[in-house]
Each structure stands twice: as C-alpha cells, then as structure tokens.
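Below is one structure; the comments refer to it alone.
For this chain, numbers begin at 1 and follow the sequence in order.
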Amino acid sequence: HTYYSHSHYNTRPGVAYSCGFVWSAEGGDPAASLAGIAYYTPDGAVSTTTSLYNFDTGTAYSSLAADPSACTLYALEEGTGTIHVIDTTGVSTTHAPVQTSTFNLSSGAAVAIAFDKTTPGIWAILAETTKHGQKFTLTGAATGSLITGLKDPRALAVDASGNVYITDHDPTDQRIHVFTSTGSYLRTLGLQKGSYAESVPGTIAATSLDHPEGIALDSSNNLYVTS
C-alpha cells in the first residue's frame with residue numbers, strides 16, 4: 001500500500017507506517033488541539049470505530065520515521081531538533097501509543113527525518129537555514145559525512161542498502177539526489193521541469209519532476225514521489 005497525509009492543518013506533512021497503523025504528523029496549532037499525531041487503520045477510514053485521532057495534541061510535529069523491525073515511531077517536533085520516541089505496540093481502539101523517551105539532534109533543528117535500518121539511526125534534513133543532510137545515532141549524536149549542496153530539500157528516504165534519497169523542491173533544481181550511507185554523492189534522478197513562471201526553464205520529459213516534495217520507498221525499493 002501507499003499512503004499520503006490526510007491532515008488539514010499540516011504545514012509539512014509526514015506519514016509513516018508502524019505496527020499495523022498509518023501515522024500522520026500534525027503541524028497545526030497545539031493551543032487549538034489541531035496538532036499531534038493522527039493515526040488510522042490501513043484502509044484510511046476516519047471514524048470512531050476504525051481510526052484513532054489524535055495522539056499528543058499539545059505538540060506540533062513535522063516529520064515521522066518508523067523502525068520496521070519494531071513497533072517504534074520517531075516523531076520530529078516542529079521547528080526543533082527534538083525526536084520523540086513512541087512505542088506503538090498493541091495500539092488499538094482501546095490502547096493508545098506510549099511515548100517512551102526523547103532525544104535531541106546534536107546539530108540542532110531539523111525539518112524532516114527518515115529511519116535507516118541498515119545501521120539503525122536517523123537521517124535528517126537540518127534547519128532551512130543550513131539545508132544540509134546528516135545521519136544521527138538513536139541518541140542524537142551526528143555520524144558520517146554532512147550532505148551539502150542542497151538548495152531546498154524537503155524530504156528523504158533510505159533504501160535497503162542504506163542509500164539516501166532527498167527531494168529538492170527549488171525551482172532551479174526539482175530533482176532527487178542520491179547519496180551513500182556515509183553521505184557521498186551517488187547520482188541525480190529526474191530532469192528539471194520549468195512549468196511555473198518563477199522557474200528557470202528546464203527539460204520537460206517523462207522523467208521530469210515538478211517541485212518534488214514527499215518521498216518513500218517500499219520493501220522492493222520502488223520509489224514514490226509526490227510533487
């Protein structure tokens with residue numbers, strides 16, 4: 001299955017699948033209980049009998065990452081480098097998830113995260129002022145090389161070999177850049193599409209992307225991109 005964000009209030013959607021449920025980051029207004037993490041049954045239904053909505057409405061989140069080997073969800077608190085670790089074991093209509101701990105990324109604020117199962121850790125796109133990519137341990141310590149040269153990175157995904165795929169939304173880029181597990185550049189996917197007035201005209205082809213944003217990989221390493 002492929003899932004997308006169903007949030008009316010999310011400013012930077014984040015979706016993850018963990019322990020039989022689809023989880024969606026809510027980046028709205030905590031004061032109005034329009035934040036937190038929404039979670040749904042895999043059919044996407046939104047009702048009192050088939051979905052659970054919301055968890056932790058007092059915190060705004062911008063991105064989610066799940067450990068596929070365990071019922072563990074990592075949630076990035078919006079505008080910060082704080083990761084909330086959430087146990088989703090046994091979640092049902094009567095059993096809510098439990099936050100077990102938090103840790104802070106040593107490089108500060110981030111805008112998006114992804115889980116790396118090859119050598120367990122968290123890849124993050126750092127705050128918009130730096131626009132770098134960095135891998136962190138599950139305690140928040142930076143590890144490996146810093147990914148630089150990105151213009152407007154929005155989301156990232158990690159494949160079964162540990163390679164990192166990052167979408168670049170910038171009008172002069174609009175492509176996906178691929179890096180090794182240690183942060184070295186591998187290749188670029190897609191051709192820039194100059195379809196907007198503010199864009200620098202590019203080559204329009206079947207492989208062109210239009211301001212790519214969300215990205216995900218399935219268990220067969222098929223790549224899904226929203227734009």
Once rounded to the nearest 0.5 Å, what's the spacing between atom [atom1] of [X] and atom [atom2] of [Y]?
X      : Y      : atom1 : atom2 : answer
Asp159 : Tyr165 : CG    : OH    : 4.0 Å
Phe103 : Thr137 : CZ    : OG1   : 7.0 Å
Lys131 : Ile125 : NZ    : CD1   : 10.5 Å
Thr188 : Phe179 : OG1   : CZ    : 7.0 Å
His177 : Ile166 : NE2   : CD1   : 8.5 Å
Ser24  : Leu64  : OG    : CG    : 7.0 Å

Has [X] got a side-chain atom pairing as donor or acceptor with [Y]'s backbone, closer than 3.5 angstrom?
X      : Y      : value
Gln174 : His169 : no
Asp152 : Asp168 : no
Thr88  : Cys71  : yes
Gln134 : Trp123 : no
Ser106 : Gly140 : yes
Ser63  : Ile113 : yes

Any idea how Trp23 and Tyr39 line up, ring-wise: parallel (<30°), tilted (30 to 60°), or perpendicular (>60°)?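 Trp23 and Tyr39: parallel rings.
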Could you report the tightest heavy-atom contact between [X] and [Y], atom names first, then the distance?
X      : Y      : value
Ala155 : Gly214 : CB-CA, 4.1 Å
Ala114 : Val158 : CB-CG2, 4.1 Å
Leu73  : Ala66  : CD1-CB, 4.2 Å
Leu76  : Ile83  : CD1-CD1, 3.8 Å
Ala25  : Ser62  : CB-C, 4.1 Å

For His84, ring pair (Phe, Tyr, Trp, His ring centres under 6.0 Å) partners two or more places apart: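 Once residues adjacent in sequence are excluded, the partners of His84 under the ring pair (Phe, Tyr, Trp, His ring centres under 6.0 Å) criterion are Tyr61.
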Have [X] and [Y] got a donor and an acceptor in their side chains that come within less than 3.5 Å?
X      : Y      : result
Thr148 : His132 : no
Ser220 : Asn222 : no
Thr89  : Asp87  : yes

What pairs of residues pass the salt bridge (charged side-chain N to carboxylate O under 4.0 Å, His left out) test when at least one of them lies in residues 110-125, not counting sequence neighbours?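 Of all non-adjacent pairs touching residues 110-125, those that pass salt bridge (charged side-chain N to carboxylate O under 4.0 Å, His left out) are Asp116-Lys135.
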Pairwise side-chain contact, Tyr74 with Val85, heavy-atom cut-off 4.5 Å (strictly under):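 Answer yes - side chains close enough.
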How far apart are the C-alpha atoms of Ile122 and Leu138, what are their side-chain angles, what is the distance that settles it, and do they pass the side chain to side chain contact (heavy atoms under 4.5 Å, CB included) test? CA-CA 7 Å; Ile122 297 290; Leu138 295 181; 3.8 Å; yes
Begin with the C-alpha distance, continue with both residues' side-chain angles, and end with the deciding distance and a verdict on side chain to side chain contact (heavy atoms under 4.5 Å, CB included) for Thr143 and Phe136. CA-CA 5 Å; Thr143 180; Phe136 298 86; 5.7 Å; no
Same hydrophobic cluster for Leu186 and Val225, using side-chain heavy-atom links shorter than 4.5 Å among ILVMFWY?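 Hydrophobic grouping puts Leu186 with Val225.
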In one Ile/Leu/Val/Met/Phe/Trp/Tyr side-chain cluster, 4.5 Å: Ile86, Val98: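 Ile86 does not cluster with Val98.
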Run Leu189 and Leu223 through side chain to side chain contact (heavy atoms under 4.5 Å, CB included) and show every step you take. CA-CA 11 Å; Leu189 306 177; Leu223 191 65; 3.9 Å; yes
Asn163 and Ser161: side chain to side chain donor-acceptor pair (under 3.5 Å), yes or no, with the steps? CA-CA 6 Å; Asn163 298 316; Ser161 299; 4.6 Å; no
